[in-house]
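Okay, structure first, notes after.
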2 protein chains.
Amino acid sequence: MKKFINKIEDIVTEVIDGLVLANPEILSHVPNTKVITRKNINKNKVAVISGGGSGHEPSHGGFVGIGMLDAAVFGEVFTSPGPDRIYDGIQAVVGKPGGLLLVKNYTGDTMNFAMAEQMAKDDGYNIETVIINDDIALVNSDSTTGKRGIIGTLFVQKIAGAAAESGLDLQEVKRIAQKAVDNTASFGISLSGSTVPANGKPGFIVPDGEMEVGLGNHGEPGLRREKQKSADESAEMIMKNIDQYLNLKKGDEVALIVNGLGGTPMMELNILARKAIKILQAKEVKIFKSFVGVYITAIDMAGFSFSVIRLDDELKKFLKAKVITSSLVGIE
Amino acid sequence: MKKFINKIEDIVTEVIDGLVLANPEILSHVPNTKVITRKNINKNKVAVISGGGSGHEPSHGGFVGIGMLDAAVFGEVFTSPGPDRIYDGIQAVVGKPGGLLLVKNYTGDTMNFAMAEQMAKDDGYNIETVIINDDIALVNSDSTTGKRGIIGTLFVQKIAGAAAESGLDLQEVKRIAQKAVDNTASFGISLSGSTVPANGKPGFIVPDGEMEVGLGNHGEPGLRREKQKSADESAEMIMKNIDQYLNLKKGDEVALIVNGLGGTPMMELNILARKAIKILQAKEVKIFKSFVGVYITAIDMAGFSFSVIRLDDELKKFLKAKVITSSLVGIE
């Protein structure tokens, strides 16, 4: 297996250790848990907590810090963290103003976060949850779980984190996070499956010359398999889907993420970003900010996703607010 | 070929376009050239210029901006830019205080930058050059070019850029850049070759269970091929080489880069960073700052490199100074 790891059972612990050791000014590890918090916990504001399976680095630990997440809860690779782990995260950072759980829409995550929410409420915590379901690939499928949560999660975490940092109350932070979800659409393509270390081989094989359209972040089946397209054709297909879903109009203002899934390098992401931006510009849609990089991966999958959020003044204010995390830094 | 590209001959142009379109507040493209400059060119300070073959994204275009590079010159994939292209970059940003060329030590780069320097001097520009040769893998080999320039380049660009931004004169910026070079050591390992788009297949094949030690950034042969080691064993081997070269002592202060080469995801980089930091801590070497991420790639190569710089107060000051580029942002 072409990976630099040690024991498979130590991966998550070592990822947590590495992240905190490399960013001691930003992050802390809560001892005996799979939870990372910001260095200086502030229980006098609403806490924003996210989490999920590992293998998506830098998400979510890379987005813990000032102006974004207060805590990230780590599951095993591609495995939702159990309710106890999530409750560890709640206990670490939630004070009187309460906490908002940002949960990607997968069966395991929604179930485990709901159980943790109930445990916390039973103990007197004030908790709300927003489900992130930005993946529009399966919008017309018969999947019973509904749309999955993928790279648009970054927008929701950034905006909700900034809203909480600004001192808004829990209901307001929840309302703004939900508004971010409602205005976000994402769509991805892959050219390969990812190799989960415990399996030692790719979860699925995409034959040369083909691509998996509408992929999930974990190697779940996509919408369909197609003949491999060029970068421009791929970007056009995705942006057409996103445009139809969001019904973008001339004069709208958006932010864009061009996200690599682990095995697709920046060279290609820049080429894809070029076309995505040109398509938006041709529609006279204003681009407030573009993020091009590796934010939510699927281990070493060759592939990418676009995510677009339609912005109003409120969302813009929180999207551009100051943030200091290990994988996203911005200056107001 | 599992890549999202369009025409092979358009790759570099499209990478440039994508980078500038995604970062209009930071970058400008000089029309009819392969040069990116910072948005607001300031010819009243020393200009810092770097460049080289493409395929190493985000380097160098991702490091153009306030407090780092004034211009980046793009060669074709894994091909040094010719002297004309480099001179375009000099003309775009160098004013009366002169310009410093930061050149990675490869035969093509050193020759082409030297020719561009001469062209500029003939036209009255004040130009100096610092050669970056941080790759200690081949330090005892019989290579006639000497040590190559690899990921330590990031330290030199950051420090020289900050020194120039602070208003120091050309000789001072050169002295500080050279001091950064002299105190930097880097070493890398790969598990696969990279696929240059024009070739369509990997430049070399590393058999399963083996690794290439002391790799170059382009798929040049490494120092030797070995049985694949665990993450911790790999980190130990590299840090031992770096430690011997820099002769690190208790109480020394350093910065560390753990760099992914394109195909190795953040999950593994965090695991590697953990061990590198623990090794330095065990020696009671103080870590001023760790950078863990994808900074200088070799397209889609699976592999990583460590780079360590020994710091004094002057180098620390410029390493932590404010920087705003598309791939490195820091707040003083």
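All figures in this text were calculated on a predicted structure; none of them were measured in a lab. Below, read A as the first sequence line, B as the second, and so on, with proteins coming before strands; counting in each chain starts at 1.
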Between chain B and each of A/Thr264, A/Leu328, A/Ile299, A/Val292, count heavy-atom pairs under 4.5 Å; write down the option with the most.
A/Ile299
For the candidates B/Leu19, B/Asn270, B/Val20, which exhibits the highest count of non-hydrogen atom pairs separated by less than 4.5 Å from chain A?
B/Asn270
Check whether B/Leu261 gets within reach of chain A through its side chain, its backbone, both or neither, counting any heavy atom under 4.5 Å.
neither
Cationic N near anionic O, under 4.0 Å, B/Glu25 to A/Lys289:
yes
Highest number of heavy-atom pairs under 4.5 Å with chain A among B/Val258, B/Ile5, B/Ile287 belongs to B/Ile5
Test side-chain contact (heavy atoms from CB on, under 4.5 Å) applied to A/Glu268 and B/Val15, step by step
CA-CA 8 Å; A/Glu268 296 166 57; B/Val15 166; over 6 Å; no
Proximity breakdown for A/Thr297 and chain B, heavy-atom pairs closer than 4.5 Å
neither
Considering non-hydrogen atoms only, spot the tightest contact between B/Lys3 and A/Gln228 and give its length.
O-NE2, 3.2 Å
Can you tell me which portion of A/Ile11 sits under 4.5 Å from chain B's heavy atoms? Options are side chain, backbone, both or neither.
both
Is A/Ile277 close to chain B through its backbone or its side chain, or both, or neither, when contacts mean heavy atoms under 4.5 Å?
side chain
Indicate the atoms forming the closest heavy-atom contact of B/Lys2 with A/Pro207, along with that distance.
NZ-O, 3.7 Å
Check B/Ala22 against A/Ser290 and note the closest heavy-atom contact, atom names and distance.
O-CB, 3.6 Å
Interatomic distance, B/Ser327 atom OG to A/Met266 atom CE [nearest 0.5 angstrom]:
4.5 Å
Would you mind checking which part of B/Leu272 comes under 4.5 Å of any heavy atom in chain A, side chain (CB onward), backbone (N, CA, C, O), both or neither?
side chain
side-chain contact (heavy atoms from CB on, under 4.5 Å) between A/Arg274 and B/Ile16: does it pass, once the steps are laid out?
CA-CA 9 Å; A/Arg274 167 189 164 275; B/Ile16 289 174; over 6 Å; no
Please flag which part of A/Pro197 lies under 4.5 Å from any non-hydrogen atom of chain B: side chain, backbone, both or neither.
side chain
Need one label for A/Val206: side chain, backbone, both or neither, based on atoms under 4.5 Å from any heavy atom in chain B.
both
Under the criterion side-chain contact (heavy atoms from CB on, under 4.5 Å), I'd like the reasoning laid out for B/Phe4 against A/Leu269: C-alpha separation, chi angles, the key distance, then a yes or no.
CA-CA 8 Å; B/Phe4 294 102; A/Leu269 299 181; over 6 Å; no
Among the options A/Asp300, A/Asp10, A/Asp232, pick out the one with the most heavy-atom pairs lying under 4.5 Å from chain B.
A/Asp232
